[in-house]
Amino acid sequence: VILLARYLDVVQWQRSLVAYRLLLPSELSIDDVTAWLTGVAASTHPPALSLLPLPPVAVEIVATARGITHYVLVTKSAESKLLAGVRASLPGARLEADADYLSTPAKLRLAAEAVMTSQTRPLAVDRAEVASTALLAALQPVSVRAEVRYQLIMTSAGTPRVPVPRERENGWAAWREGASPRDAEAVRAARLKQKEVLLRAVLRIGVSAPTQAQAQALAAALPAGAD
């Protein structure tokens with residue numbers, strides 16, 4: 001029953017999406033982006049005892065021969081939260097509704113998906129600016145009739161549990177809440193992670209090109225992973 005509910009929830013989410021083109025200022029800082037992501041986490045935080053998460057927010061980066069464009073996808077009911085969050089957290093950024101963006105799906109030759117493998121180990125946030133610069137540099141140039149898409153789907157990770165060494169837990173707690181860190185170093189890493197905004201996220205990459213060889217060449221030029 002829960003799986004069916006989740007499936008129907010995904011279908012409803014896809015049907016209710018609206019797209020906005022996100023125009024970012026050149027002076028945007030990592031702190032600005034962090035503040036916006038904090039707002040995304042707050043607006044998608046599920047109610048207590050909720051079986052299903054709130055509708056996620058998706059960010060897409062589209063690279064073509066004309067340049068790089070950013071989009072934000074949200075449900076119709078979340079439009080006001082998106083507009084308020086961008087105004088409050090991303091100074092100088094603008095949103096423009098794009099009714100045609102979702103009506104023409106990309107014809108991808110290659111696609112890949114990455115998911116988070118750990119809820120306790122922090123990402124390398126100290127390298128965020130370098131990673132962002134490397135990604136944008138890898139997305140250009142793109143040949144005519146080719147396209148690269150990065151899609152990041154995000155929703156709140158909920159309220160985290162307090163990390164404690166595994167040996168201090170009984171079997172029931174470990175089964176109910178998931179595996180805990182094994183040692184003090186792992187506990188410290190988990191606590192560092194919980195100091196920042198917590199999101200569940202899925203990263204998808206798609207490449208479109210006239211030939212399979214061109215698509216593979218574009219994919220090979222992209223960063224091997226996201227830290």
Side-chain angles (χ1 to χ4, degrees), residues 5-25 28 30 32-46 50 52-64 66-116 123 128 131-132 135-136 138-139 142 146-158 197-208 222-223 226:
R6 287 181 180 274
Y7 170 76
L8 295 176
D9 192 53
V10 169
V11 172
Q12 177 61 28
W13 176 72
Q14 292 175 332
R15 291 176 177 175
S16 64
L17 284 177
V18 292
Y20 281 86
R21 183 179 178 185
L22 178 62
L23 304 173
L24 298 172
L28 192 70
I30 295 298
D32 295 332
V33 176
T34 300
W36 182 65
L37 293 177
T38 301
V40 170
S43 65
T44 58
H45 189 86
S50 175
L52 296 175
L54 292 181
V57 174
V59 175
E60 294 194 356
I61 304 174
V62 181
T64 65
R66 297 185 297 274
I68 299 174
T69 310
H70 298 78
Y71 294 91
V72 183
L73 312 181
V74 295
T75 58
K76 187 73 175 177
S77 60
E79 281 184 292
S80 59
K81 293 181 180 178
L82 171 66
L83 295 172
V86 169
R87 293 191 189 104
S89 306
L90 301 179
R94 292 191 295 117
L95 285 171
E96 297 179 352
D98 192 334
D100 298 328
Y101 179 67
L102 294 174
S103 62
T104 52
K107 298 179 180 179
L108 303 177
R109 285 189 176 272
L110 292 176
E113 182 178 273
V115 297
M116 293 184 178
L123 300 178
S132 177
L135 171 61
L136 293 177
L139 291 176
V142 176
E147 180 179 288
V148 179
R149 291 196 182 198
Y150 266 73
Q151 182 190 68
L152 182 65
I153 303 176
M154 303 172 290
T155 189
S156 170
V197 57
L198 295 180
L199 292 163
R200 297 188 189 276
V202 175
L203 174 66
R204 294 171 177 168
I205 304 171
V207 180
S208 174
L222 299 175

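Predicted, not measured: the structure shown is a model, and the values here were computed from it.
- Between the side chain of Ser208 and the backbone N or O of Lys107, at least one donor-acceptor pair lies under 3.5 Å.
- Contacts of Arg109 classified as side-chain hydrogen bond (donor to acceptor under 3.5 Å, both in side chains), with partners at least two apart in sequence or in another chain: none.
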Does Val207 form a side chain to side chain contact (heavy atoms under 4.5 Å, CB included) with Leu108? I'd like the steps, not just the answer.
CA-CA 5 Å; Val207 180; Leu108 303 177; 5.9 Å; no

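- No side-chain heavy atom of Asp100 sits less than 4.5 Å from a side-chain heavy atom of Thr104.
- Residues passing the side chain to side chain contact (heavy atoms under 4.5 Å, CB included) test with Thr38 are Thr34, Val197, sequence neighbours excluded.
- Contact between Met154 and Ala201 at its shortest, heavy atoms only, is CG-CB, 4.3 Å.
- Taking 4.5 Å as the limit, every side-chain heavy atom of Val18 sits out of range of all side-chain heavy atoms of Asp98.
- Note on residues 72-113: pairs passing ring-ring contact (aromatic ring centres under 6.0 Å, His included), not counting sequence neighbours, are Tyr71-Tyr101.
- Screening residues 146-155 for salt bridge (charged side-chain N to carboxylate O under 4.0 Å, His left out) gives Glu60-Arg149, Glu147-Arg149 as the qualifying pairs, with residues at least two apart or on separate chains.
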Between Arg204 and Ile153, is a side chain to side chain contact (heavy atoms under 4.5 Å, CB included) present by the stated rule, with each step listed?
CA-CA 8 Å; Arg204 294 171 177 168; Ile153 303 176; 3.6 Å; yes

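- Between atom CG of residue Leu136 and atom NE2 of residue His70 there is a gap of 5.5 Å, rounded to the nearest 0.5 Å.
- Every residue two or more places apart in sequence or in another chain that forms a side-chain hydrogen bond (donor to acceptor under 3.5 Å, both in side chains) with Glu79 is listed here: Tyr20, Lys76.
- Tyr150 meets the ring pair (Phe, Tyr, Trp, His ring centres under 6.0 Å) test with no other residue; sequence neighbours excluded.
- Here the CG atom belonging to Leu152 is positioned 8.0 Å from the CG atom belonging to Leu37, to the nearest 0.5 angstrom.
- Side chain of Thr44 to backbone of Leu54: no donor-acceptor contact under 3.5 angstrom is found.
- Contacts of Ser77 classified as side-chain hydrogen bond (donor to acceptor under 3.5 Å, both in side chains), with partners at least two apart in sequence or in another chain: Thr75.
- Side chains of Gln151 and Val59 form no contact here, defined as non-hydrogen atoms less than 4.5 Å apart.
- From Trp36, atom CH2 reaches atom CG of Leu28 across 10.5 Å, with rounding to the nearest 0.5 Å.
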Given side chain to side chain contact (heavy atoms under 4.5 Å, CB included), test Leu222 with Val148 step by step and report yes or no.
CA-CA 9 Å; Leu222 299 175; Val148 179; 4.0 Å; yes

I'd like to know whether Val57 forms a side chain to side chain contact (heavy atoms under 4.5 Å, CB included) with Thr155, so could you lay out the CA-CA distance, the side-chain angles of the two residues, the decisive distance to 0.1 Å, and finally the verdict.
CA-CA 6 Å; Val57 174; Thr155 189; over 6 Å; no

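- When all heavy atoms of Ile68 and Ala63 are compared, the closest pair comes out as CG1-CB, 4.3 Å.
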Pair up each side-chain donor or acceptor in residues 86-96 with any protein partner under 3.5 Å, not counting sequence neighbours, and list the distances.
residue : atom : partner : partner atom : Å
Ser89   : OG   : Gly85   : O            : 3.3
Arg94   : NH1  : Glu96   : OE2          : 2.9

